[in-house]
Amino acid sequence: MEMQKDTALDKIYIDFQSGVPIYVQLMEQIENLVMGGQLKPGDQMPTVRQLAAELGVNFNTVARAYRLMDEAGIISTQQGRGTYILAPEKLEETQLLKMEVLDWLTQRFFADAAYKGFSLEEIRAAFEKEWSDWMSRRDLAAGADAPQDTSSA
């Protein structure tokens, strides 16, 4: 068996306990890799069977994710040649796709929190705390060489 070099797809992690359907997790992560530039237009994807085996998931699950991404214009499956990442037609389309993903993630967050019985005030307070914590971690990760504005802390 040939040794394969590490690829962006090696970063895909399926959380079987998350409650999020596996095909959705797979689609989200591939879309994030495309939007983040780790997967580029023209990059070949593994076959459905290969990816299913690597991730330890059902063949039909990966096939569903590929079909939906093909319909969305993220990938193109060419019979006998393989599956490839497509180039977005326009920058606006890429931005629109990113905003659709953000909208979906936001809606999922609010729906999950409300379903679990949190009030709108609790959800808002948790969001603001996480936002503040995330910004602090981001500032720390930027390095000590960048000047830090501590006046609002």
Side-chain angles (χ1 to χ4, degrees), residues 1-116 118 120 123-124 126-143 145-146:
M1 185 173 191
E2 277 183 40
M3 290 295 292
Q4 294 182 359
K5 64 180 182 172
D6 289 344
T7 67
L9 293 173
D10 292 333
K11 296 177 182 170
I12 292 176
Y13 170 75
I14 301 299
D15 182 354
F16 295 96
Q17 305 300 318
S18 74
V20 176
I22 294 168
Y23 77 94
V24 172
Q25 292 182 53
L26 183 57
M27 288 174 51
E28 286 177 348
Q29 291 182 53
I30 290 172
E31 289 172 3
N32 288 340
L33 291 169
V34 170
M35 286 188 269
Q38 291 98 344
L39 288 175
K40 298 183 179 7
D43 284 353
Q44 187 169 11
M45 299 288 291
T47 68
V48 169
R49 290 187 192 283
Q50 287 172 329
L51 190 55
E54 287 177 26
L55 297 174
V57 300
N58 187 288
F59 164 88
N60 291 318
T61 301
V62 176
R64 182 177 188 184
Y66 271 32
R67 179 178 48 80
L68 291 170
M69 288 188 294
D70 198 314
E71 291 171 3
I74 297 165
I75 61 173
S76 173
T77 301
Q78 302 161 11
Q79 190 66 30
R81 296 196 57 219
T83 302
Y84 298 86
I85 301 294
L86 288 178
E89 294 294 319
K90 300 176 186 166
L91 183 58
E92 298 86 36
E93 289 180 20
T94 302
Q95 188 60 32
L96 181 61
L97 178 61
K98 287 174 72 173
M99 291 309 297
E100 287 175 4
V101 169
L102 182 60
D103 287 346
W104 184 82
L105 289 170
T106 304
Q107 290 168 13
R108 192 171 90 190
F109 165 75
F110 283 116
D112 286 350
Y115 178 78
K116 291 179 171 100
F118 292 100
L120 292 177
I123 295 168
R124 185 190 62 74
F127 178 84
E128 288 176 357
K129 179 189 179 310
E130 286 304 314
W131 173 264
S132 177
D133 292 350
W134 185 80
M135 292 299 288
S136 295
R137 288 190 303 271
R138 187 174 150 238
D139 289 345
L140 287 175
D145 42 289

**Message:** So does V57 get a backbone contact from the side chain of T61, meaning a donor-acceptor N/O pair under 3.5 Å?
**Reply:** no
**Request:** Would you mind reporting whether L51 and T47 have side-chain heavy atoms less than 4.5 Å apart?
**Result:** no
**Asked** Is S132 reaching over with its side chain to a backbone N or O of K129, donor-acceptor style, under 3.5 angstrom?
**Response** no
**Complete:** Smallest heavy-atom separation, A65 atom then Y23 atom, equals CB-O, 3.8 Å
**Message:** As a quick check of understanding, evaluate side-chain contact (heavy atoms from CB on, under 4.5 Å) for W134 and R137, giving each step before the final call.
**Reply:** CA-CA 5 Å; W134 185 80; R137 288 190 303 271; 3.8 Å; yes
**Request:** Tell me, with the steps shown, if T77 and R67 meet side-chain contact (heavy atoms from CB on, under 4.5 Å).
**Result:** CA-CA 9 Å; T77 301; R67 179 178 48 80; over 6 Å; no
**Message:** Let me confirm one number: the CD1-CZ distance from I22 to R64, rounded to the nearest 0.5 Å.
**Reply:** 11.5 Å
**Asked** Taking atom CE of M27 and atom OH of Y66, what is their separation to the nearest 0.5 Å?
**Response** 12.5 Å
**Request:** Mind listing the closest non-hydrogen atom pair of I30 and M69 along with its distance?
**Result:** CD1-CE, 3.6 Å
**Fill in**
Note: G73 and L86 closest approach over all heavy atoms is O-CD1, 3.5 Å
**Closest non-hydrogen atom pair, G82 against Q44** = CA-NE2, 3.8 Å
**Asked** Between N32 (side chain) and E28 (backbone), is there a donor-acceptor pair under 3.5 Å?
**Response** yes
**Asked** Just by distance, do the side chain of E71 and the backbone of L68 share a donor-acceptor pair under 3.5 Å?
**Response** no
**Complete:** Taken to the nearest 0.5 Å, the spacing of E31 CD from I85 CD1 works out to 10.0 Å
**Message:** Run V24 and W104 through side-chain contact (heavy atoms from CB on, under 4.5 Å) and show every step you take.
**Reply:** CA-CA 11 Å; V24 172; W104 184 82; 3.6 Å; yes
**Asked** Would you say the side chain of I14 lies within less than 4.5 Å of the side chain of I12, judging by non-hydrogen atoms?
**Response** yes
**Message:** Between D43 and K40 (side chain of the first, backbone of the second, donor and acceptor by atom type, cut-off under 3.5 Å), is there such a pair?
**Reply:** yes
**Message:** Can a side-chain donor-acceptor contact be found between Q78 and T83 if the only test is distance below 3.5 angstrom?
**Reply:** no
**Message:** Can a donor-acceptor pair be found, under 3.5 Å and without considering hydrogens, that links the side chain of Y13 to the backbone of D10?
**Reply:** no
**Message:** Within a 6.0 Å radius of atom CG on L102, are there more than 12 heavy atoms belonging to other residues, nucleotides or ligands?
**Reply:** yes
**Prompt:** So how far is it from L55 CG to Q50 CD, rounded to the nearest 0.5 Å?
**Reply:** 11.5 Å
**Request:** Measure the shortest side-chain to side-chain distance between F109 and L105 over non-hydrogen atoms and say whether it is less than 4.5 angstrom.
**Result:** no
**Prompt:** In this structure, are over 12 heavy atoms from other groups packed under 6.0 Å from F16 atom CZ?
**Reply:** yes
**Prompt:** Is the count of non-hydrogen atoms from other residues, nucleotides or ligands lying under 6.0 Å from F118 atom CZ greater than 12?
**Reply:** no
**Item:** Atom pair CE (M135) and CG (D133), whose distance is rounded to the nearest 0.5 Å
**Value:** 11.5 Å
**Asked** Is there a side-chain contact between Q38 and K11 (heavy atoms, below 4.5 Å)?
**Response** yes
**Message:** For F59, is the CZ atom crowded, meaning more than 12 foreign heavy atoms sit under 6.0 Å from it?
**Reply:** yes
**Message:** What I'd like to find out is whether the side chain of L26 reaches to under 4.5 Å of the side chain of V62, using heavy atoms alone.
**Reply:** yes
**Prompt:** D112 and K116: side-chain contact (heavy atoms from CB on, under 4.5 Å), yes or no, with the steps?
**Reply:** CA-CA 6 Å; D112 286 350; K116 291 179 171 100; 4.1 Å; yes
**Asked** Is the side chain of D70 donor-acceptor paired with the backbone N or O of S76 at a distance under 3.5 Å, no angle test?
**Response** no
